[in-house]
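Report on one structure; see the data block that follows.
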Amino acid sequence: MSLLVFYLFAAIAVLAALGMVVLRNPVHSALSLALVFVSLAAMYVLLSAPFIAVAQVMIYAGAILILFVFVIMLLSPGTDQGVGALKAQRGLAILFGAALLVLLIAVLGGAVLPPTRGTFTPEAIAAEGDTQAVGALLFTNFLLPFEITSILLLVAIVGVIVLAKKRQSISKQ
Amino acid sequence: MINYLWLVPALPLAGAAINAIFSRKMPRWLVSVLGVGSVGLSFLVALAEFFTVLGAGAQGVFNVSIYSWIPVGNFKIDVAFLLDPLSALMLLGVTGVGFLIHVYSTGYMAEDESYGRFFTYLNLFVFSMLILVLGSNYLLMYVGWALVGLCSYLLISFWFTRPAAAAAGKKAFITTRIGDFGFGLGVILIFVTFGSLNFADVFARAPQMFQLGAPIITTITLLLFAGAVGKSAQLPLYVWLPDAMEGPTPVSALIHAATMVTAGVYMVARSHVLFSLAPFSSEVVAVIGAVTALFAATIALTQMDLKRVLAYSTISQLGYMFLGVGVAAYGAGIFHLMTHAFFKALLFLAAGSVMHAMNGVIDMRQLGGLRSKMRWTYITFFAAALAISGFPLFSGFFSKDEILAQAFESGHIILWAIGLLTAGLTAFYIFRAFFLTFHTQARWTEDEGRKTESRHSPSSVVGHPSFHPHESPASMTVPLAILAVLAVVAGFVGMPSVMGPNFLEGFFAPVFGEAAAAIPAGTEWMLIGASVAVGLIGIGVAYWFYIASPEIPVNLAAQFKGIYTLLWNKYYVDEFYSAVFVEPGRRLAMFLWQVIDVQVIDGFANGLGRAMASFSGALRGWQTGYARAYALLMLVGTVIVIGWLMLR
Amino acid sequence: MDPLALVIIEALIKSIVVIIVLLTGFAYLTLMERMVVARIQVRVGPNRVGRVFGIAALQPIADAIKMIFKEDFIPANADKLIYVLAPGIAVGTALLAWAVIPLNPPLTIFGYTINFEIANVNVAVLYLLAIGSLSIYGIVLGGWSANNKYSLLGALRSTAQMVSYEVSLGLSLVGVLMVSGTLSLTQIVQQQSMIWNVVWQPLGFVIYLVCALAEINRVPFDLPEAETELVAGYQTEYSSLKFALFYMAEYINMLTISAIASTVFLGGYQGPFGILPGVHWLLIKMLIFIFIFMWIRGTLPRFRYDQLMRFGWQVLLPLALANTFVTAVVLVLLGK
Amino acid sequence: MPIDYLPILVMVVVVVAFAAIALTLSSLTGPRHPTAAKLEPYESGMPPFGSARRRISIKYYLTAVLFILFDIEIIFFYPWAVLFRQLKLFGLVEMGVFVLILLIGYVYVWRKGGFNWD
Amino acid sequence: MLTVNHFILLSAILFCLGAVGVLIRRNPLVMFMSIELMLNAANLAFVAFSRYLNNLDGQIFVFLILTVAAAEVAVGLAIIVAMFRARENVDVDEVNELKG
């Protein structure tokens with residue numbers, strides 16, 4: 001059953017990702033990407049990480065992508081036309097992207113995973129609650145990254161205001 | 001209390017940091033409070049640590065790890081402090097004497113425009129010295145070692161606008177670097193040999209791994225001693241110390257008498273396990289110490305510059321200390337180190353007080369008769385002079401006597417004789433300086449109208465100058481008084497066995513092991529008698545020469561003109577070095593500059609540049625300016641790297 | 001029977017039942033709203049079609065039939081795919097929220113225990129928030145795809161408003177979570193058998209209600225479809241069943257927030273002091289909320305847009321944060 | 001456990017089916033008489049001018065950005081809240097620091113007029 | 001049987017699709033979305049290994065990456081908007097000089 005669900009969502013994810021890359025209209029790309037995000041959330045549920053799944057939907061699909069959509073509407077750019085200044089770019093990109101995929105599959109297929117396992121088995125996590133388990137780690141072992149995150153967000157806020165306000169003052173002239 | 005050990009070096013560092021950044025904006029009193037206060041607090045903490053060690057008795061060895069500094073494979077160096085009786089005593093000395101000298105400096109440097117800079121350097125020096133003393137491994141010690149060298153350089157050339165000061169700083173730095181190079185090699189060799197730089201590891205492994213007199217240990221100890229020779233101004237690398245008197249007098253007192261120059265002694269004492277395994281090296285240490293002691297004392301006989309007399313005296317006394325540690329009397333060496341710190345710092349500070357009063361004049365030919373003008377300076381200088389001369393029951397008496405006794409007892413009769421002779425010379429030259437400065441006729445005239453401004457850089461006033469000497473402010477006299485008390489009484493902690501309990505020997509037991517068997521009382525009394533007699537003779541001769549019949553030294557100088565000129569010119573060592581090392585070095589440098597650098601290296605570099613220019617011209621075509629093209633190249637690179645890793 | 005198949009079948013039945021109930025509820029909600037607002041405005045309201053028990057009980061059916069047979073056209077310059085998808089997304093996200101809301105205590109029939117929620121997951125509260133944030137897509141895409149200035153502006157306003165209040169909405173629930181210590185709605189409801197959470201979290205409750213009203217774009221936060229400025233907002237170009245789907249989404253959202261408010265703050269299916277728990281209690285509580293919402297619609301004027309945004313960011317957000325921290329401090333002081 | 005979430009997947013399937021049926025139904029049942037005027041965008045009866053897909057105010061963008069950043073804050077709040085009984089004062093302090101830093105940004109936005117819509 | 005390899009393979013495919021997307025699209029917004037896709041592929045790998053190793057650190061990483069991505073998108077899009085302001089179009093090939 002879980003294999004079936006995996007293939008269903010994997011197919012959706014790959015097709016949607018392909019659509020995001022190929023579709024001309026940026027809004028369609030964004031919508032495809034939303035689909036990828038949601039199917040990845042399903043993957044996380046399959047991997048017994050529901051909290052990450054929900055966070056993925058809330059932040060990626062529900063916030064980040066909305067921002068993308070806003071910016072697309074803000075700039076309302078046209079669709080990509082032609083190959084642009086770099087003629088060989090597209091062919092080479094696809095060629096080397098494929099080569100990278102082949103290499104990655106070769107590497108990962110031959111990889112021997114370490115047998116060492118930690119203590120957070122799915123059963124252990126379920127007993128404690130996924131959110132609680134992640135939170136317990138985050139607020140103790142990863143306390144410093146957590147606090148630094150706030151500084152990162154602060155910098156982002158200030159940066160955005162500076163960039164956006166600059167634009168506004170220009171447009172007033 | 002041991003948890004607060006880090007405060008001891010941290011406080012002066014904080015003081016230095018704050019003064020370094022803000023001293024320009026701060027009022028002087030705040031600079032003083034920070035500079036003096038940080039060292040004062042540090043002293044209080046050190047005092048508490050000292051009593052912790054004292055209270056712990058035989059268990060008084062603490063290892064305090066602060067921070068894992070270099071963890072590379074099995075090369076693991078911690079910033080860790082070692083607190084044992086040895087370092088605890090050194091801590092007290094460094095922070096205590098340092099504190100007094102800081103206080104003194106507030107008066108002495110009051111007029112200087114670079115007041116904040118001075119305290120920054122001074123605090124930084126205290127911090128560096130504490131790192132040197134506290135470090136629990138050779139690398140940390142080496143860091144402190146290098147840092148004190150830097151501070152010494154900065155402080156000697158503090159008045160860097162004067163060429164002499166700048167040159168003296170350079171000379172000190174370069175000369176000591178020669179020794180430091182040996183020290184560095186020694187440290188590397190220790191790591192190669194023992195696989196660790198921790199004192200605890202090295203000292204535990206050394207006796208198990210090597211027999212007595214193993215060549216490798218001898219090499220290590222000789223290399224370490226090379227560092228000590230440079231830092232502690234022994235033959236043949238002593239030449240920088242007299243020149244270092246160009247620095248401000250508190251610097252001379254703190255760095256070039258009480259603390260930094262004794263680092264070599266401390267290091268040898270710290271490495272006593274290694275030196276005990278290398279009898280040859282110990283022998284070298286003792287011989288160099290004794291010869292230096294005598295050599296410097298003879299030079300001091302004729303010098304007319306008060307501070308230089310003290311400088312040569314310092315070299316001589318350091319020689320004593322090396323004689324002590326060289327004959328395995330480590331406790332005695334450190335004991336002398338401590339008492340010397342008190343009385344030599346006092347001598348320097350008193351000399352500084354004289355300079356303060358005499359408008360920077362330090363040439364004894366222009367002093368004299370200051371006894372009545374500077375009562376406190378006079379009394380304290382007198383106490384210090386008695387101490388250094390080994391006058392009975394003064395501190396120098398106990399420590400010097402112990403070294404001599406140990407030298408005698410260990411069978412180094414010749415070295416003992418040299419030491420004894422030096423003791424006599426010491427008593428003579430120090431009282432010569434004392435009489436010439438404070439007694440005799442004033443060789444200057446009172447000038448009521450001209451209130452002397454305080455200038456401290458040695459000025460060369462020719463002829464018969466006029467001054468209005470005055471006693472220094474309390475900020476200078478109080479440290480003098482405190483040091484004087486210490487110089488008088490400090491010796492009682494290490495009384496010879498015939499006179500009472502030797503507290504110091506028991507205190508050092510956790511470091512140096514139990515004391516050697518006591519010297520037979522008869523021998524002991526004989527040795528004491530000899531050194532006391534020699535000291536008294538020295539004082540007496542000085543009195544006879546300079547107070548009773550002042551024409552004698554003039555006659556003597558005329559009669560033994562050859563020897564006098566040789567001594568007056570300090571055995572022409574500077575000239576010798578200049579001819580043998582400096583001048584060829586300069587020639588070599590000129591050759592390297594004009595031939596190797598300009599033609600070969602520059603030619604190569606320019607050619608490389610030209611080649612690069614043409615090569616990059618070819619590469620420029622790749623820089624299209626299109627971000628996507630660069631990204632594509634990144635992908636291509638990734639594919640190539642992964643592919644290569646796969647196929648390899 | 002294969003337990004996996006059993007789970008699927010059970011879920012299938014529950015989903016279909018819930019969806020049908022919600023659709024019916026939506027239909028009669030429109031009738032109720034028309035009648036309540038009419039009474040408030042001293043009008044008669046619908047009273048012609050299919051009178052049963054003295055009210056026009058068959059009116060919603062007539063409305064539905066009318067909607068279905070309306071002409072369904074797509075504006076010329078619209079982005080056709082997205083234009084069609086948008087109402088689907090809107091109603092889909094509205095319905096999906098009900099997957100985690102517990103309706104009744106578990107019942108055991110013939111040894112088989114039935115849980116009256118579609119999925120009992122331990123991240124239910126976060127799930128609701130996630131689904132809520134996805135519901136923005138329906139509106140923003142619908143407004144954008146129609147290629148109409150009113151639609152686009154309406155969609156943007158609506159979206160900006162929703163995201164602004166979503167922050168405070170999320171924060172208003174944090175206090176409850178601190179008291180309950182779980183994200184599972186089922187457990188939150190069970191914990192309230194004696195004392196409802198509203199007792200501990202009165203401020204959180206109020207903030208939640210205000211934000212929820214703004215989330216579903218109802219009066220006084222119905223700026224996006226302010227008729228006088230923007231015609232019908234993002235729905236301007238929609239007709240027929242697509243319009244009905246948007247409408248449906250709105251009313252189901254109203255039901256959803258009433259259900260969440262009842263569940264999280266008022267004990268859900270729990271009666272006061274544990275009296276006779278059951279789905280009727282949930283329905284009563286929801287009806288009270290819905291009536292209040294309609295009452296507000298009938299009486300309160302609309303915010304101005306700049307006031308609305310400022311209210312969200314500068315009043316509600318600090319209040320919600322303060323509520324969280326006061327709760328934290330009290331909990332620490334009580335040593336819980 | 002993933003099995004707990006299976007009912008949600010089932011419901012998603014049902015909801016998608018329902019939406020698909022409703023959307024196709026509407027295009028099947030209604031009459032179909034397209035005219036050029038009918039298919040024009042509605043602009044209060046006036047002939048429409050220009051495309052609707054033109055640029056919009058940066059304010060919406062700014063709001064969305066602020067939303068993202070505070071949304072992150074909320075997602076951090078949830079695990080914290082459910083763990084609060086265990087974290088106690090420690091939790092209060094660490095989240096206090098976190099929020100305090102973010103509040104600097106909040107106040108900055110406020111002072112820069114980021115919440116003003118005029 | 002569902003193994004970690006399934007997820008890693010999917011992650012690799014998505015990553016390569018993202019990489020190609022960055023390279024062939026000229027609209028910076030779509031390029032940016034492709035980068036987000038690559039980031040998500042990495043996240044998937046993180047969670048997959050986290051599950052395989054029974055170690056929650058991977059999930060924490062993903063959680064932190066989420067927040068970093070949010071900040072990155074906010075600032076990145078602000079830059080794109082500013083770029084658009086200066087140039088009146090959004091084609092990265094037009095931006096081939098280091099001046100605004």
Side-chain angles (χ1 to χ4, degrees), chain A residues 1-2 5 8-9 38 42 45-48 50-51 53-55 58-59 62-64 66-71 73-76 78 122-123 125-126 129-140 143 146-158 160-162 164-165 167-168 171, chain D residues 1-6 8-9 12-13 51-87 90-91 93-95 97-114:
Chain A
M1 184 66 200
S2 55
V5 174
L8 172 69
F9 281 105
V38 173
V45 171
L46 274 180
L47 287 165
S48 303
F51 175 66
V54 175
M58 260 185 81
I59 293 180
I64 292 180
I66 291 283
L67 184 64
F68 268 108
V69 171
F70 266 39
V71 173
M73 292 180 182
L74 189 71
L75 307 182
S76 67
E123 292 75 23
I125 296 171
D130 176 64
T131 315
Q132 283 87 339
V134 173
L137 263 183
L138 182 67
F139 293 114
T140 54
L143 177 59
F146 162 69
E147 297 288 5
I148 288 174
T149 303
S150 66
I151 295 173
L152 183 75
L153 293 177
L154 170 65
V155 172
I157 292 176
V158 173
V160 165
I161 292 286
V162 167
K165 283 279 156 184
R167 186 190 173 282
Q168 230 180 20
S171 63
Chain D
M1 306 302 279
I3 194 82
D4 292 343
Y5 297 83
L6 190 58
I8 294 182
L9 179 60
V12 168
V13 172
S51 169
R53 310 233 166 93
R54 45 197 199 93
R55 286 195 269 140
I56 54 171
S57 168
I58 188 117
K59 297 299 300 181
Y60 295 105
Y61 164 73
L62 213 54
T63 308
V65 167
L66 291 177
F67 164 63
I68 288 197
L69 300 175
F70 283 97
D71 207 28
I72 299 281
E73 182 191 327
I74 292 176
I75 199 83
F76 274 112
F77 257 110
Y78 275 76
W80 174 79
V82 291
L83 276 172
F84 189 75
R85 300 275 186 97
Q86 294 164 41
L87 295 169
F90 177 64
V93 171
E94 62 181 341
M95 190 50 92
V97 172
F98 183 82
V99 169
L100 213 61
I101 295 172
L102 275 185
L103 276 183
I104 299 171
Y106 177 78
V107 171
Y108 178 78
V109 175
W110 188 322
R111 294 290 300 272
K112 285 280 168 180

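Heavy-atom basis, side chains included; hydrogens, waters and symmetry copies ignored. On a predicted model such as this, the values are computed, not experimentally measured, just so you know. Just so we're on the same page: letters track the sequence lines, and every chain starts at 1.
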Just so I know, are the side chains of A/L138 and D/F76 near enough to count as touching, which here means a heavy-atom distance under 4.5 Å?
yes

Does D/L9 reach the side chain of A/F9, with side-chain heavy atoms less than 4.5 Å apart?
yes

Does any backbone or side-chain atom of D/I75 lie under 4.5 Å from a heavy atom of chain A? Answer side chain, backbone, both or neither.
both

For D/L6, which atoms come within 4.5 Å of any heavy atom of chain A: side chain, backbone, both, or neither?
side chain

Could you report the tightest heavy-atom contact between [X] and [Y], atom names first, then the distance?
X: A/G135; Y: D/P79; result: CA-CB, 3.8 Å
X: A/P50; Y: D/Y5; result: CB-OH, 3.0 Å
X: A/S150; Y: D/I101; result: OG-CD1, 3.3 Å
X: A/V160; Y: D/L62; result: CG1-CD1, 3.8 Å
X: A/I157; Y: D/G105; result: CG2-O, 3.9 Å
X: D/F67; Y: A/A63; result: CE2-CB, 3.7 Å

Could you have a look at A/V134, A/L143, A/I66 and say which one has the most heavy-atom pairs with chain D under 4.5 angstrom?
A/L143

Identify which of A/D130, A/L8, A/T149, A/I148 forms the greatest number of heavy-atom pairs closer than 4.5 Å to chain D.
A/T149

Most heavy-atom pairs under 4.5 angstrom with chain A, which of [options]?
options: D/L103, D/L66, D/L102; answer: D/L102
options: D/I74, D/L100, D/I8, D/V97; answer: D/V97
options: D/E73, D/E94, D/M95; answer: D/E94

Part of [X] within contact of chain D (heavy atom distance under 4.5 Å):
X: A/V5; result: side chain
X: A/F51; result: side chain
X: A/L47; result: neither

Using 0.5 Å steps for rounding, measure from the CG atom of A/L152 to the CD1 atom of D/I72.
9.5 Å

Would you call the rings of D/F98 and A/F146 parallel, tilted or perpendicular, where under 30° means parallel and over 60° means perpendicular?
parallel

Tell me, please, which residues at least two apart from D/Y78 pass ring-ring contact (aromatic ring centres under 6.0 Å, His included).
none

